[in-house]
Amino acid sequence: MFEQPIPTLRRDGDAVLILDQTALPFRSETLRLATLADAARAIRDMQVRGAPLIGATAAHGVALALLHDSSDAALEHALQALAATRPTAVNLHWALARMATLLRPLPAADRLAAAWAEAEAIRADDAATCDAIGRHGLKLIETIAARRPGPVRLMTHCNAGWLATCGAGTALAPVYAAQAAGIAVEVFVSETRPRNQGLLTAWELAAAGVPHTLIADNAAGLLLMRGEIDLVITGADRIAANGDTANKVGTWLKALAAQASGVPFYIAAPHSTLDFGCADGPSIPIEDRGAAELCMLRGIDASGGLAALRQAAPGTHAANPAFDITPASLITAIITERGIAAPGQLAGLYPEAAR
Ligand SMILES: CSC[C@H]1O[C@H](OP(=O)(O)O)[C@H](O)[C@@H]1O
């Protein structure tokens, strides 16, 4: 089982501790969540981020809410408040639905203990799921490694590593599995404007000793065109029944460039990212995170303090969709904890869910 260098999320008595990802990659700070409001803010402000991780955090947020009031009204308020934090990652809504199904029928007095237990089960399930994704994705890397000498050159986008989950990650889980198997991989990661989650991936990989190169988002096409990449693996926030996939904005452009360059393009995702109730990509809600996030840059100043710099002229009109949709036709296959399937064939791996 992959051991997270720093737990992204863990219960601590009647509170929850998270790694504050808004302080990374400069500071590794743990934040204590004690209330429903703390949990909702942590998700909304991306102190925790990554589809699987925000689902697990929301589940723990329900338990935090029930600490003070386990009535029907309090439970429904918690479910609604957490559901309202971010729309695109179905993992959040999957986790809340799982908590609702368990807790609604219970006597109020039994709900808190059950909520903590279910939240922990979701966390543990995600960690095991990440390991399984790593095992299945490793096969793709092994096939490429057997074909040519030198490191396997893998491109990814955003952060779908251990920081985005309760375990090894999704897109990066095969990378960590390859490292453990002694197979050389070099990762090319795009910075992923505007929140630059690619810098989190670079931080993760540096800490793990995995060779990597940070590139500007717009440089990815050139590397693909030049034949400098063997495969692309990204994460996902929601996969529709037909295999269309929502992921961090910029993913679609990479998929287009990969197809144009003859490079296989994979999505890595757990069962909690699959939404068989959503027919296709256009049905997936796309989060708009507002102009400020696009017009400001985050970093550290000369004194080492966290700072935000304005990079656009005041009053600049900006649009900031946080995700885009990659059609199934551009996806070579989807790597799940149950195996690898073509985008439109996921029902074969999850017959119980696809009914
Ligand atoms: C395994 S994480 C999947 C997905 O979540 C990230 O979004 P965000 O950083 O906005 O929470 C990104 O889209 C990852 O690819």
Side-chain angles (χ1 to χ4, degrees), residues 2 4 8-9 18-22 24-25 42-58 85-95 123 126-127 129-134 137 155-176 187 189-201 203-204 217 232-239 245-255 265-275 284-290 293-294 298 320-326 331 334-337:
F2 179 90
Q4 289 189 325
T8 48
L9 164 78
I18 61 166
L19 175 57
D20 179 356
Q21 299 195 29
T22 58
L24 291 175
I43 296 168
R44 188 173 48 247
D45 295 351
M46 296 174 66
Q47 291 171 313
V48 286
R49 45 143 302 279
L53 181 57
I54 65 177
T57 305
T85 54
R86 298 188 73 187
T88 303
V90 70
N91 316 60
L92 170 67
H93 307 282
W94 166 84
R123 192 204 60 76
D126 186 61
T129 298
C130 290
D131 279 348
I133 290 171
M155 177 179 280
T156 193
H157 184 55
C158 194
N159 172 262
W162 64 262
L163 283 170
T165 69
C166 301
T170 57
L172 293 189
V175 171
Y176 294 130
V187 180
V189 55
S190 37
E191 57 183 345
T192 315
R193 289 276 299 136
R195 284 299 290 262
N196 290 346
Q197 290 94 327
L199 302 180
L200 303 183
T201 295
W203 178 81
E204 259 197 50
D217 292 321
V232 181
I233 306 182
T234 76
D237 290 81
R238 191 182 302 225
I239 301 175
T245 295
N247 194 50
K248 185 53 51 202
V249 67
T251 302
W252 178 51
L253 292 174
K254 282 186 174 56
F265 183 93
Y266 297 97
I267 296 286
H271 61 87
S272 53
T273 306
L274 308 182
D275 184 358
I284 300 174
I286 298 294
E287 179 183 24
D288 179 335
R289 290 196 60 87
E293 199 174 79
L294 183 61
R298 304 157 63 91
N320 181 19
F323 300 94
D324 62 18
I325 303 296
T326 298
I331 300 170
I334 295 177
I335 308 162
T336 76
E337 75 278 3

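Every number for a ligand or one of its atoms is a count from 1 in the order of the listing.
- Where the criterion is an N or O separation shorter than 3.5 Å, residue side chain and backbone included, Arg49 meets it with respect to ligand 1.
- Every atom of ligand 1 with a heavy atom of Cys158 under 4.0 Å away is listed here by number and element: 12 (C).
- At a 4.0 Å heavy-atom cut-off, ligand 1 touches Gln197 through the side chain alone.
- Taking only nitrogen or oxygen atoms, main chain and side chain alike, Asp237 reaches within less than 3.5 Å of ligand 1.
- Ring geometry for Trp94 against His271 counts as perpendicular: the plane angle is over 60°, on a 0 to 90° scale with 30° as the lower cut.
- Residue contacts with ligand 1: Thr170 is placed with no nitrogen or oxygen under 3.5 Å of a nitrogen or oxygen of the ligand (distance criterion only).
- In terms of polar-atom proximity, Asn159 is not counted as a contact of ligand 1, lacking any N or O under 3.5 Å from an N or O of the ligand.
- For the pair Arg49 and Arg195, the minimum side-chain heavy-atom distance is 4.5 Å or more.
- Counting atoms of ligand 1 from 1 in the listed order, those under 4.0 Å from a heavy atom of Ala164 are 1 (C), 2 (S).
- Using a 4.0 Å cut-off between heavy atoms, Pro52 contacts ligand 1 through its side chain alone, with no backbone atom that close.
- With respect to the salt-bridge test (charged N to carboxylate O, under 4.0 angstrom), the residues Asp275 and Arg238 qualify.
- Partner Leu172 forms a side chain to side chain contact (heavy atoms under 4.5 Å, CB included) with one of Ile133, Ile233, Thr156 and no other, that one being Thr156.
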